[in-house]
Amino acid sequence: MKLLLVGSGGREHALAWALAKSPLLTKLYVAPGNAGIAGIAQCVAIPATDFAGLRDFAVKTGIDFAVIAADAQLVGGLWDVLEAAGIKALGPSKAAAVLEGSKGFVKDLCMEKGIPTAAYKRFREAASAKPYAASLGFPVVIKADGLAAGKGVIIAADKTESDKAIDFMFEGGFGDSGHEIVVEEFMEGEEASFFALSDGVNVVALAGAQDHKRAFDGDKGPNTGGMGAYSPAPVLTPALEKIAMEQFIKPTVAAFAERGLSYMGVLYLGLMITKNGPRLVEYNCRFGDPEAQVLLPRLKSDLLAALLAARSGTLDKIKLDWSGDVALTVVMASGGYPGTYEKGHIISRLEDAARLPGVTIFHAGTENRDSGVVAVGGRVLDITATGKDVAETRARAYAAVALIGWKDCFFRRDIGWRALQR
Ligand code: AMP
Ligand code: GLY
């Protein structure tokens, strides 16, 4: 079957790499892709934001199935645009992507279903939000309701910061996504993510992972999309994974069905493991980036068959096998990320690094030029390794990182520290 994957980051390279192994696949197109993806699929120069262009390409090319990887496209309704033109796609739909598109909606759903999460209230104006925030005590968490490119959460240390954050959001600091806000209690604990696949009725567990959101070693510095990840997440014991499915994922999918919203696609459950047990931090409606880069190398079953089953309502027939190995990825980024950075520097020794044992390199922000492969993004490469334990896997990944370079590149040297400490 002919497949179209939409996106261009490291997550999309990992998805393309896993999908390319499927015996069901005849041809894989990726729009727009990157230099690494171009080595295993046909890249099509249509931006992920050009919904009409993607639809027209899919119709003209006779695409049998499309996979939409990113939140902006899912919340923006690309699934609906493709399906309206007769192209089967892995969603969720725009209506069901509210799972990630509205934090307030998800909190209300948690209340209704008894899903453990932080105490909260939703607000549409600052005057009542400020005293509620103060009543929760500090630190307190202020969230823009909608998507804000991963930046919509402010943890306020005191009343001054909290009032400032609330005013900032209502004054349009995060654009439209802050017209409504959620004020919630600060939860203490260790964060982990758990992934599952749903066809609207049936759910299948994927696996757990942990990422490193801060830019610098020791979890310091500004928040990023993620500077590294590993799977499995040792903090997620088998007992906790069972709780994640039974007390979080299943009631959520059921609540969507009760609202007439069939949730078809990936559920990314962000958990805080507190001393009183796991509590929901947030949901996303897609694979994580860089979490996909460590989940997919551990999946022994056919990813395409599983995603098709999620679209067709037949996930009850799917059983997934996972490798017991550890996977770990180190993100190599451009100097300055998550702020401004230079583009166009040539990356050296990629091939040498890729030949090391257990190493797979996923490209995130690269382009093929006449001069070679160049860095064009903030996050540029995901140096991924598999191995029998965290120590071996991390050594393998960093051996590859040591070979690769370009002007001003940087990376964290402590990916996996929590897992190693256990
Ligand atoms: P989100 O965009 O919802 O993932 O939030 C970004 C980050 O803010 C999370 O990964 C957590 O580290 C932190 N966070 C969000 N909500 C809370 C909370 N209620 N308590 C503590 N930390 C939180
Ligand atoms: N790594 C965090 C995310 O994909 O949202």
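Counting starts at 1 for both ligands and their atoms, in listed order.
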In ligand 2, which numbered atoms sit nearer than 4.0 Å to a non-hydrogen atom of [X]?
| X | result |
| --- | --- |
| Gly225 | 1 (N), 2 (C) |
| Gly288 | 4 (O) |
| Asp211 | 1 (N), 2 (C) |

Taking [X] for its side chain and [Y] for its backbone only, find out whether a donor-acceptor pair lies under 3.5 Å.
| X | Y | answer |
| --- | --- | --- |
| Asp211 | Ala229 | no |
| Ser231 | Leu295 | no |
| Arg349 | Ile404 | no |
| Glu12 | Gly9 | yes |

>> For ligand 2, which is the ligand I care about here, please tell me if Asp289 has any N or O atom under 3.5 Å from one of the ligand's N or O atoms.
In response: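 N/O-N/O distance below 3.5 Å exists for this pair.
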> Considering only heavy atoms, does Phe287 approach ligand 2 within less than 4.0 Å through its side chain, its backbone, both, or neither?
Replying inline: neither
Quick one: ligand 1 N/O to protein N/O pairs below 3.5 Å?
unit_1   : atom_1 : unit_2 : atom_2 : d
ligand 1 : 3 (O)  : Glu282 : OE1    : 3.3
ligand 1 : 4 (O)  : Glu282 : OE1    : 3.0
ligand 1 : 4 (O)  : Glu282 : OE2    : 2.7
ligand 1 : 10 (O) : Glu191 : OE1    : 2.8
ligand 1 : 10 (O) : Lys213 : NZ     : 3.2
ligand 1 : 12 (O) : Glu191 : OE1    : 3.4
ligand 1 : 12 (O) : Glu191 : OE2    : 2.4
ligand 1 : 16 (N) : Lys143 : NZ     : 3.1
ligand 1 : 19 (N) : Glu184 : OE2    : 2.6
ligand 1 : 19 (N) : Glu185 : O      : 2.9
ligand 1 : 20 (N) : Met187 : N      : 2.8

>> For Glu184, run the salt bridge (charged side-chain N to carboxylate O under 4.0 Å, His left out) check against Lys107, Arg279, Lys121 and tell me which one passes.
In response: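 With Glu184 as partner, salt bridge (charged side-chain N to carboxylate O under 4.0 Å, His left out) holds for just one option, Lys107.
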> When the ring planes of Phe174 and Phe168 are compared, do they come out parallel, tilted or perpendicular, using 30° and 60° as the limits?
Replying inline: perpendicular
> Going by distance alone, is a donor N or O of one side chain under 3.5 Å from an acceptor N or O of the other, for Asp217 and Trp417?
Replying inline: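 Side chains of Asp217 and Trp417: no pair found under 3.5 Å.
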> Can a non-hydrogen atom of Gly226 be found less than 4.0 Å from any atom of ligand 2?
Replying inline: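 In this structure, Gly226 fails to qualify as a contact of ligand 2 - no heavy atom is under 4.0 Å.
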> Can we call the ring centroids of Phe248 and Phe194 under 6.0 Å apart?
Replying inline: no
>> To the nearest 0.5 Å, what is the distance between CD on Gln293 and NE2 on His13?
In response: 10.0 Å
> Nearest non-hydrogen atom to atom 5 (O) of ligand 2 belongs to which of Arg286, His212, Glu291?
Replying inline: Arg286
